[in-house]
Every structure is written in structure tokens, then in C-alpha cells.
Visitor: 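I'd like to ask some things about the structure below.
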Amino acid sequence: MERKQIAAGNWKMNTDYNEGRELAKAVVAGLQPSDVLVVLGAPYIHLKNISSIIQDVSNIKLAAQNCHQEESGAYTGEISAAMLKSCGVDFVILGHSERREYFGEKDELIARKIDIVLRHGMQPIYCCGERLEVREAGKHEELVGEQVKAALFHLSKEQMGQVVVAYEPVWAIGTGRTASPEQAQEMHRHIRSLLQKKFGKDVANATSILYGGSVKPDNARELFGQPDVDGGLVGGASLKARDFLEIAGSF
Ligand code: PEP
């Protein structure tokens with residue numbers, strides 16, 4: 001099976017209601033026809049509205065940026081998988097390094113979130129990646145391997161077939177510092193080979209592995225040109241429709 005090329009935006013905690021609507025409309029208006037799947041990772045307040053804005057565009061999908069691990073209940077301020085699904089959400093970004101760092105999320109918890117998202121028929125975008133000191137110690141492949149195993153290796157082949165992986169070295173997120181295309185390729189190949197050992201060649205080959213960390217219009221083409229880099233998870237540059245569209249056109 002051919003794996004999908006994906007340009008996913010992560011708006012994080014940016015855009016008020018009007019700004020979010022205009023940004024989504026601008027992406028829809030400017031998108032060129034192609035096989036690339038564009039994903040808008042918007043704050044909760046936009047989900048229902050963006051779901052209607054993109055309803056007639058087959059290659060734009062909607063992502064949420066988090067989800068609670070329980071079905072429902074007394075979890076003030078949280079959002080459930082069923083709620084996201086009912087707003088038309090297709091993907092859920094899970095395990096982002098900002099969630100790990102500021103909200104203490106560990107892989108055991110992230111694994112439960114992956115399970116509930118899959119149970120509700122949505123696709124997790126599972127983020128993994130090492131901090132700078134880990135890379136400097138030469139332990140990055142080991143660390144990312146542990147993250148991948150802890151969050152994904154309990155899944156069945158069918159479930160893994162629904163997961164998108166995003167490799168996001170923490171030292172490259174929001175810093176303007178990007179992994180070199182060679183560094184990205186090396187890690188993506190490593191992740192794919194772990195997936196192959198556990199889930200087999202077909203599943204590994206069909207899994208989209210995105211790179212994230214200061215992807216911009218001027219570096220996207222070289223990164224996406226690597227054989228195991230299937231697209232990007234884009235933070236800052238996804239807030240400007242022009243930049244994001246240029247990135248989506250960089251395959
Ligand atoms: C991200 O938020 O996942 C990200 C990669 O951010 P940025 O592109 O701004 O580095």
C-alpha cells in the first residue's frame with residue numbers, strides 16, 4: 001500500500017474565533033489539487049466550524065490537538081474522543097512534546113489516549129522526539145525507539161495502520177533550528193525499521209512518518225524529498241496560509 005504524503009498544521013493555542021475561520025478559509029481557497037493530504041490542527045473552538053468549511057474538499061482533514069483518555073465523566077475542562085468525533089474531527093495530535101513537558105504526559109498515558117482515539121474511529125498523529133541533551137549524548141535513536149515501543153507496540157496491525165507518526169526533535173520545535181534532511185531521514189528510517197520488526201513490512205511501508213521542527217517554505221522541499229519523510233507537522237508556519245500552502249506544495 002502507498003503511504004500518504006501529509007502536510008499537517010498545528011496551530012497550538014493561537015487564533016481567536018474569527019482568525020481561525022479566516023485561516024481555514026484561506027487554506028481552502030489557496031489549495032492546489034494534488035494527492036497531498038492537508039490537515040488543520042486547530043483549537044477546540046474552531047472544530048465544528050472548520051469541519052463545515054472543509055466539508056466539500058476531499059484532501060483537507062481536521063485534527064484536534066489533544067483528547068482525554070476516559071470516555072466521559074467528572075474531568076472539568078477536558079474534552080473526550082466522542083466530543084471530537086461529533087465535531088467532525090479526523091485526526092488527533094497526541095504526545096506532542098509541549099504536552100509532555102508542560103502537562104507531564106508520559107507514554108503510558110499517551111498510549112491510552114491513542115486507544116480511545118482509535119476506538120472512536122479517528123486517527124492519532126503520535127509525536128515522538130528527543131531533547132537536545134539526548135541527541136548530544138548520541139542516545140536519540142534509543143530514546144525515540146523507547147517512545148515508539150511504549151506508545152504503539154500494544155496495537156494490532158490494523159490499529160497501527162491508522163496511526164501517523166510525527167518525529168519532532170524537541171530542540172527543533174519553535175526554535176528556528178531544523179534537523180538536517182540527513183538527520184531526519186536517519187531517524188525516520190530507524191522508526192520505520194522498528195515498525196517493520198513489530199508489525200511487518202506492509203504496515204511499516206504504509207505508515208506516514210512526518211517530520212516536525214521549524215518546517216518552513218524554504219526547507220520543506222529538501223526535508224520532504226527524503227525517502228522516509230512523508231511530510232511535515234508544522235507549527236509556526238501553519239499560521240500563515242501562504243506559508244502553509246507553499247509547504248503543502250513542496251512534495
Ligand atoms: C509543532 O508544533 O509540532 C512544531 C513542529 O512547531 P514549529 O513548526 O513551530 O517548530
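Both counts, for ligands and for their atoms, begin at 1 and track the order of listing.
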Visitor: Does Lys216 NZ have over 12 foreign heavy atoms under 6.0 Å away?
Guide: yes
Visitor: Give the residue and atom name of whichever protein heavy atom lies nearest to atom 8 (O) of ligand 1, and the separation in Å to one decimal.
Guide: Gly235 N, 2.8 Å
Visitor: Which atoms of ligand 1 are found less than 4.0 Å from any heavy atom of Ser214?
Guide: 7 (P), 8 (O), 10 (O)
Visitor: Tell me whether ligand 1 is touched by Gly232 - counting only heavy atoms on the residue side and a distance under 4.0 Å.
Guide: no
Visitor: Tell me whether the count of non-hydrogen atoms from other residues, nucleotides or ligands lying under 6.0 Å of CG in Asp16 goes above 12.
Guide: yes
Visitor: Less than 4.0 Å between a side-chain N and a carboxylate O, is that true for Lys149 and Asp107?
Guide: no
Visitor: Write out the residue and atom name of the closest protein heavy atom to atom 2 (O) of ligand 1, then the distance separating them to 0.1 Å.
Guide: Lys12 CE, 2.6 Å
Visitor: Answer with side chain, backbone, both or neither: which part of Ala166 has a heavy atom less than 4.0 angstrom from an atom of ligand 1?
Guide: neither
Visitor: Classify the angle between the aromatic ring planes of His188 and Tyr167 as parallel (below 30°), tilted (30 to 60°) or perpendicular (above 60°).
Guide: perpendicular
Visitor: What's the spacing between Ile125 CD1 and Glu168 CD if we round to 0.5 Å?
Guide: 9.5 Å
Visitor: Does this structure show an ion pair linking Lys139 with Glu133, if we count only N-O contacts that are shorter than 4.0 Å?
Guide: no
Visitor: Which one of Pro169, Ala237, Gly174, Gly212 has a non-hydrogen atom at the shortest distance from atom 10 (O) of ligand 1?
Guide: Gly174
Visitor: Can you tell me which residue and heavy atom of the protein come closest to atom 9 (O) of ligand 1, and the distance to 0.1 Å?
Guide: Gly236 N, 2.8 Å
Visitor: Measuring from non-hydrogen atoms of Gly213 to any atom of ligand 1, is the shortest distance under 4.0 Å?
Guide: yes
Visitor: Starting from atom 3 (O) of ligand 1, locate the nearest protein heavy atom and write down its residue, its atom name and how far away it is, to 0.1 Å.
Guide: Glu168 OE2, 2.6 Å
Visitor: Between Asn66 and His96, is there a side-chain donor-acceptor contact under 3.5 Å, judged purely by atom types and distance?
Guide: no
Visitor: Any atoms of ligand 1 less than 4.0 Å from a non-hydrogen atom of Asn10? List them with their elements.
Guide: 1 (C), 2 (O), 3 (O)
Visitor: By number and element, which atoms of ligand 1 are closer than 4.0 Å to a non-hydrogen atom of Ala172?
Guide: 10 (O)
Visitor: A quick test of your reading: do over 12 heavy atoms of other residues, nucleotides or ligands sit less than 6.0 Å from CD of Glu222?
Guide: no
Visitor: Just need the protein heavy atom nearest to atom 1 (C) of ligand 1, so name the residue and atom and give the distance.
Guide: His96 NE2, 3.2 Å
Visitor: Is it the side chain (CB and beyond), the backbone, both or neither of Ile173 that lies under 4.0 Å from ligand 1, heavy atoms counted?
Guide: both
Visitor: Under 3.5 Å, is there a donor-acceptor pair linking the side chains of Glu19 and His46?
Guide: no
Visitor: As an exercise, identify every atom of ligand 1 less than 4.0 angstrom from a heavy atom of Leu233.
Guide: 3 (O), 5 (C)
